[in-house]
Structures are given as C-alpha cells and as structure tokens.
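The structure appears right after this line, and notes come after that.
Note that the structure is a prediction, hence the values are computed from the model and not measured.
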Amino acid sequence: MLLAIDCGNTNTVFSIWDGEEFIATWRTSTEWKRTADQYYVWLNTLMRLQNIDADITDMIISSTVPRVVFNLRVLADRYFHTRPFVVGKPGCALPIDVRVDAGTQVGPDRLVNTVAGFDLYGGDLIVVDFGTATTFDVVADDGAYIGGVIAPGVNLSLEALHNAAAALPHVDISKPQNVIGTNTVACMQSGVFWGYVGLVREICERIRAERARSMRVIATGGLAPLFQQAVDLFDDYQDELTMHGLTVIHDYNKDKAE
C-alpha cells in the first residue's frame, strides 16, 4: 500500500492508497518541528481508531515546506522501511515536461496538480487550486506544465484585511445574499467573495486569450466547492486532485525502476 503525503503551507494531508482507491485520508497542521515519532504515533492512533490494517510499503511526498521533508523521510525509513519518492527531488521523475524559464523552481504541488489534471482530463487545462495561495496552472495539449499565476489565497486576504485595519473584524468566507452589504461583515464577505469570482474569471479568460484556444478549468482546494456552487466558474471540481497526481507519479517511477 502507498502512503501519499501532500504537505502545504497550512495543512498536511496523509492518504492511504490500496491500488484502487484511497481507503483513508487525514489532515494535520503543517509543523516542521514535528518529529518522525510524532507522525507515526498520530498515524497509528488514527488507523487503530478506524480499524484500518494497512501494510504500507511505499511512500511519496509533495512538500511546499522544505523543512518538513527530513522528518517525513525518517518516518518512511524508521517505521515503514521504505525510501520515499519526493516530488521535485532527484530520483523522482515526472511523466510530463516542465517548460518554464531556466532556473525557475516550480512548486511541487503545482507539478502534481498538472500531472493529475492531464491524467484525468487530457491537455489544454487551467487548474485552479484554492490553497494558502490561489494558483492557476496552465497545462499544454501534451500535458506539459507551461507556467501559471499566483494570487493571494482567500483566507490569507481576509486575515490581512483584519490585521491591517483595526476596525474590521475577522470573518469567514461565504456567499453574501446581496452584492451591496448593509453591515461591515456583509461588506467584507461581498468584497472577498465577488472579488475572487472576478479574479478567477478574468485570469482564466486572459489565459485562454493568450493561448488562443479553448481551455477547460478544473478546480481543487478547500474553498473551491463554495465558488463552484455559487457561480459557474469551473468545468469540474476534484477534491483529491493532488493525491491522485501523487499516485500517478508513484506508479510512473515504480514502472521505470522495474
């Protein structure tokens, strides 16, 4: 069985893949000081609570926080007796080309999303990921990653607004009943919600115009369903897009090694 780990700036997701489906998925806050022993105790406790008897033989890691990778490698070695594939590191090949400026470091999560998007939908895609940052990844017709856009994340924008303006409260993102707010919370929710609707729509339209072709828009990330249900922004939504990409990359590297 495969343990796939997606470590983002805010949260880290652990999923167990049995070759056909994810049998369990857990989320924890990203903390670079967390040791391999702490990871294992946490994982083992959750597995026992859910009566999951998984013989983990392989691991793959995607991490936008480099400092956590060491302890995850130790976890793989000490407790699962395997050497993990780490996306973006030597020894972990990608089944796609990366066509960006020389010397550019592309976030591993963006590469994994590109792999997953191409595997599920084919080429000519825009993958929108609502994470700590809101990212737009452009997938060519042959599956290559050819660049994208990075914007501040929705919750990050709300937090910055609250921290920078003493009179503005902390609010949760939701679709407001009206565009024109009649109280402070409604005004903030409207500005962020409809502002991001406009941001996503405009950026996708400009990408299509620059590429001079029709491109499907696939969304992922925690807040994507909120925007998908409220307005017609995306062609599809995939909750486990990144984890699917990790399984594809894992299988590609295992096949190469055999």
Side-chain angles (χ1 to χ4, degrees), residues 6-13 25-32 62-65 106-107 109-110 112-114 116-117 121 125-139 147-211 214-243:
D6 173 32
C7 177
N9 290 296
T10 304
N11 293 313
T12 300
V13 179
T25 296
W26 302 289
R27 185 180 301 265
T28 185
S29 59
T30 298
E31 173 53 68
W32 68 268
S62 168
S63 177
T64 58
V65 185
V106 181
D109 55 329
R110 305 181 73 183
V112 173
N113 284 347
T114 298
Y121 301 96
L125 295 179
I126 304 169
V127 180
V128 184
D129 190 347
F130 289 87
T132 304
T134 301
T135 59
F136 300 73
D137 299 316
V138 183
V139 185
V149 177
I150 301 175
V154 178
N155 286 319
L156 190 63
S157 295
L158 276 171
E159 193 66 29
L161 196 60
H162 168 63
N163 290 335
L168 296 181
H170 175 79
V171 299
D172 293 324
I173 181 66
S174 65
K175 181 187 178 184
Q177 292 184 343
N178 302 295
V179 176
I180 302 173
T182 55
N183 58 70
T184 301
V185 170
C187 289
M188 293 173 67
Q189 288 177 331
S190 183
V192 172
F193 181 85
W194 293 113
Y196 270 86
V197 168
L199 179 145
V200 171
R201 182 171 285 141
E202 180 70 11
I203 287 178
C204 288
E205 285 304 311
R206 287 183 175 271
I207 290 172
R208 288 190 181 104
E210 195 167 294
R211 294 285 295 160
S214 176
M215 303 185 74
R216 282 177 294 179
V217 180
I218 310 302
T220 191
L223 287 175
L226 171 66
F227 289 93
Q228 176 71 343
Q229 293 167 11
V231 285
D232 186 20
L233 280 179
F234 317 118
D235 295 298
D236 201 5
Y237 163 71
Q238 284 287 337
D239 180 41
E240 295 181 334
L241 186 72
T242 305
M243 306 313 288

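Note that CG of Asn11 is 5.5 Å distant from CZ of Arg27, once rounded to the nearest 0.5 Å. Taken to the nearest 0.5 Å, the CZ atom of Phe227 stands 5.0 Å off from the CD1 atom of Ile173. Interatomic distance, CD1 of Ile203 versus CD of Glu210, reported as 11.5 Å (0.5 Å rounding). Considering OH of Tyr237 and CD1 of Ile218, their distance stands at 12.5 Å, rounded to 0.5 Å. Distance check, rounded to the nearest 0.5 Å: OG1 of Thr12 to CH2 of Trp32 gives 14.5 Å. Separation of atoms CG (Asp109) and CG (Asp137) is listed at 7.5 Å; rounding is to 0.5 Å.
Here the closest non-hydrogen pair linking Cys204 and Ile126 is O-CD1, 3.9 Å. Between Ser174 and Leu226, the shortest heavy-atom contact is CA-CD2, 4.1 Å. Residue Asp235 comes nearest to Arg216 through the heavy atom pair OD2-CA, 3.1 Å, listed as atom of the first residue, atom of the second, then distance. Nearest heavy-atom pair, Gly181 versus Ala186, reported as atom, atom and distance to 0.1 Å: CA-CB, 3.9 Å. The two residues Met215 and Val138 come nearest to each other via the heavy atoms CE-CG1, 3.7 Å.
With 3.5 Å as the limit, one finds a donor-acceptor pair spanning the side chains of Thr242 and Asn113.
When side chains are defined from C-beta on, Leu233 does not count as touching Tyr196, because their heavy atoms never get closer than 4.5 Å. Put simply, the side chain of Arg110 reaches to within 4.5 Å of the side chain of Thr135, judged on heavy atoms. At a threshold of 4.5 Å between non-hydrogen side-chain atoms, the residues Val200 and Phe136 count as touching. Counting heavy atoms from C-beta outward, Asn155 and Leu223 have side chains that approach closer than 4.5 Å. Residues Trp194 and Lys175 have side chains in contact (heavy-atom distance under 4.5 Å, counting atoms from C-beta outward). Contact check for Tyr121 versus Gln238: side-chain heavy atoms found under the 4.5 Å cut-off. Side-chain contact check for Thr134 versus Ser157: every heavy-atom pair is 4.5 Å or farther apart. Counting only heavy atoms from C-beta outward, the side chains of Thr10 and Thr30 never approach each other to under 4.5 Å.
The backbone N or O of Ile180 lies less than 3.5 Å from no partner atom in the side chain of Ser190, so there is not a single donor-acceptor pair. No donor-acceptor pair under 3.5 Å is formed between the side chain of Gln228 and the backbone N or O of Asp236.
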Inset, instruction - Report the C-alpha distance between Thr25 and Met243 in whole Å, list the side-chain angles of each, state the deciding distance to 0.1 Å, and finish with yes or no for side-chain contact (heavy atoms from CB on, under 4.5 Å). - result: CA-CA 10 Å; Thr25 296; Met243 306 313 288; 5.8 Å; no

Legend entry - Stepwise side-chain contact (heavy atoms from CB on, under 4.5 Å) test for Arg208 and Val217: CA-CA 10 Å; Arg208 288 190 181 104; Val217 180; 3.1 Å; yes

